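Structure first, then comments.
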Amino acid sequence: MTGNLNFNVRPLLDIIFAVYLGAPLLADEIHFIGDDSLSGSILSISEQGILELQSQMSPTPIRLKSSAVEKVIFSPPKANLERASAMVELTNGDLLPATLMQMDEQALTVMTEVAGEIVIPRKMLKSLQLGIRNSKVFYDGPLNSDEWSKGSEAILNWEFNDQKLISNGQAHAVRKLKLPLNFSVSFRLSWQGNPNLAVYLADPLTPGGKSADRYLLQFGAGGLEVKREASATNQFTTVILSDRTPDLFPDKSVDIQVKVDRKNSRLQLWINGELDATGVDPIAAPPVGNSISFLNLDGNGNGGEIELMDIRVTDYDDTQKRQLAEKRGKLGTDSLISRDDDRWGGRLLEIRKSAEGLVFSFSSDFQQQPLELLESDVSTLFFAAQSEDLGEKQSHPFVLRLHGEGRLQVTSCSFTQTEVLAKHPLLGELVLTRSGIAALECQERQAVGESEK
């Protein structure tokens, strides 16, 4: 059966139906070049650039030209994933969150959340970033109604049920915390009608509704916006603006995370596990408040019930970002950088297990005996550049964005309810857990879209 669907996607020239019955929909979001989007469940992407989608618009899967597709955002995992302690960088620039197991002269063995155990040949390794830790948790809830104050008695407040804060109309809830200098706030929001949510971060809880130095996140019909409120001027300044409006989330739910680096006046907005936008606080002195406030601004109660769940506040560690910016040193040798910023050139002989943890045995150019360093003492390791680093010269059409800030380029992949079978240019055939993937991007399609602007 062939035919055309009546929805406005300008670059989509031919849409045909395949004869395949797939799994139940997982509410993935497919974004086309331009402003159009479609929801459904991705089934496969072929090396010929054909994307197969199961959608409620058709009883049989739809086949799309991937030249029209910019990005696919996968439905978020049900639970928070543990952050890997290391980041493995491959010679083609891919990043794989992993836990190191061992290494010899030939290969590195790692354990990953998304693909289990993987053995990576040494010639495919570019760098290791160590000491990426799980964040310290300052709040994880809600667990009961007493955790949150009721705000003003003049408005309807949040109700607590089934580990959720629920409101149907104007509401206000406040949580006092001892926030670190750099922190992250994440939560899942679901709604029935038209949400109008405001979240104050680093809130000093100024009495009497007076202006304060704090951050404000708003989500409503206009999209997502992060603002900076300044008490001196009584004004709000936009720091991050995203056009992700409620109608772009077909299952009427979204995971939102804001990472706040007060030390460097920088903020990040993450949506469904994927970095959406960054911004810089225009005011030099950062807010010093330590509270978080959730406000339902639906004054007339016509927006329907909204629910807040999986509220999590942690510290924000930018170790990985700083490590990726490190300068490697000589290309022809391995380079090791310690936690104390000591640097050695030479060759990594092995990574082995010991009673104290993993040991890095490193032959330095300036010492007869190999250095023996515990994993906890190592910050970054760069591998000697090959004469022709594999994969560096070729860009592949699709990128899988992993939870934990990883990325893998793939030439093709197919999907089940729980797994993704992908073909990687260096690692070969991989079986990945679907819940470990945040998004799929079409690199060449993005370049086409940018050239048309």
Side-chain angles (χ1 to χ4, degrees), residues 135-160 163-167 169-189 195-220 224-240 256-269 279 281-299 306-316:
S135 300
K136 182 178 179 181
V137 178
F138 289 83
Y139 176 78
D140 195 359
L143 301 177
N144 57 67
S145 58
D146 296 332
E147 293 179 319
W148 297 82
S149 71
K150 294 184 177 181
S152 171
E153 295 297 333
I155 58 177
L156 178 66
N157 294 283
W158 298 94
E159 297 179 0
F160 175 81
Q163 296 186 317
K164 301 175 184 177
L165 293 177
I166 305 169
S167 70
Q170 195 171 8
H172 184 193
V174 176
R175 175 75 181 181
K176 295 182 179 180
L177 296 164
K178 292 183 178 179
L179 294 177
L181 183 62
N182 297 342
F183 64 91
S184 165
V185 177
S186 62
F187 58 91
R188 178 173 293 185
L189 171 70
N196 190 0
L197 179 73
V199 184
Y200 283 105
L201 308 174
D203 192 349
L205 301 180
T206 304
K210 297 180 180 179
S211 61
D213 289 295
R214 55 188 176 179
Y215 297 112
L216 169 63
L217 179 144
Q218 289 184 290
F219 179 54
L224 270 161
E225 186 173 6
V226 179
K227 301 178 181 179
R228 170 67 148 93
E229 182 181 2
S231 59
T233 60
N234 192 24
Q235 290 181 335
F236 288 89
T237 303
T238 297
V239 178
I240 296 174
I256 297 174
Q257 182 180 22
V258 181
K259 296 182 179 181
V260 181
D261 181 352
R262 289 193 277 193
K263 181 178 180 180
N264 296 301
S265 300
R266 296 184 178 276
L267 294 92
Q268 297 180 2
L269 174 64
D281 185 348
I283 301 174
V288 296
N290 288 310
S291 296
I292 299 170
S293 303
F294 286 97
L295 289 81
N296 183 354
L297 300 179
D298 181 18
I306 68 172
E307 297 179 342
L308 282 170
M309 64 206 85
D310 299 335
I311 304 172
R312 188 176 176 89
V313 182
T314 68
D315 62 350
Y316 169 38

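These numbers were taken from a predicted model, which means no experiment stands behind them.
- D203 is not listed as a side-chain neighbour of V174, based on a closest heavy-atom distance of 4.5 Å or more.
- Checked by atom type and distance alone, the side chain of R262 pairs as donor or acceptor with a backbone atom of P180 at under 3.5 Å.
- A side-chain donor-acceptor contact under 3.5 Å links N296 to the backbone of G169.
- Shortest non-hydrogen contact noted between F187 and L308 is CD1-CD2, 3.5 Å.
- In this structure, the side chain of Q218 does not engage the main chain of E225 through any donor-acceptor pair within 3.5 Å.
- A distance of 10.0 Å separates CG of L267 from CG of L217, quoted to the nearest 0.5 Å.
- Side-chain contact check for E229 and S211: no donor-acceptor pair (N or O, by modelled atom type) lies under 3.5 Å.
- Residues V260 and S184 are not in side-chain contact: their nearest non-hydrogen atoms beyond the backbone lie 4.5 Å or more apart.
- The cationic atom of R228 (NZ for Lys, CZ for Arg) lies less than 6.0 Å from the six-membered ring centre of Y215 and within 45° of the ring axis.
- Inspection of the Y139 and E147 side chains reveals an N or O donor paired with an N or O acceptor under 3.5 Å.
- Checked against a 6.0 Å centroid threshold, the rings of F160 and W148 do not count as neighbours.
- Shown here for L205 and K176, the closest heavy-atom pair between the two residues is CD1-CE, 3.6 Å.
- Using a distance-only test at 3.5 Å, with no hydrogens or angles considered, a donor-acceptor pair links the side chain of N182 to the main chain of K263.
- No donor-acceptor distance shorter than 3.5 angstrom exists from the side chain of R214 to the backbone of G289, with no hydrogens or angles considered.
- Inter-residue side-chain proximity for D213 and V288 is flagged as unmet; no heavy-atom pair is nearer than 4.5 Å.
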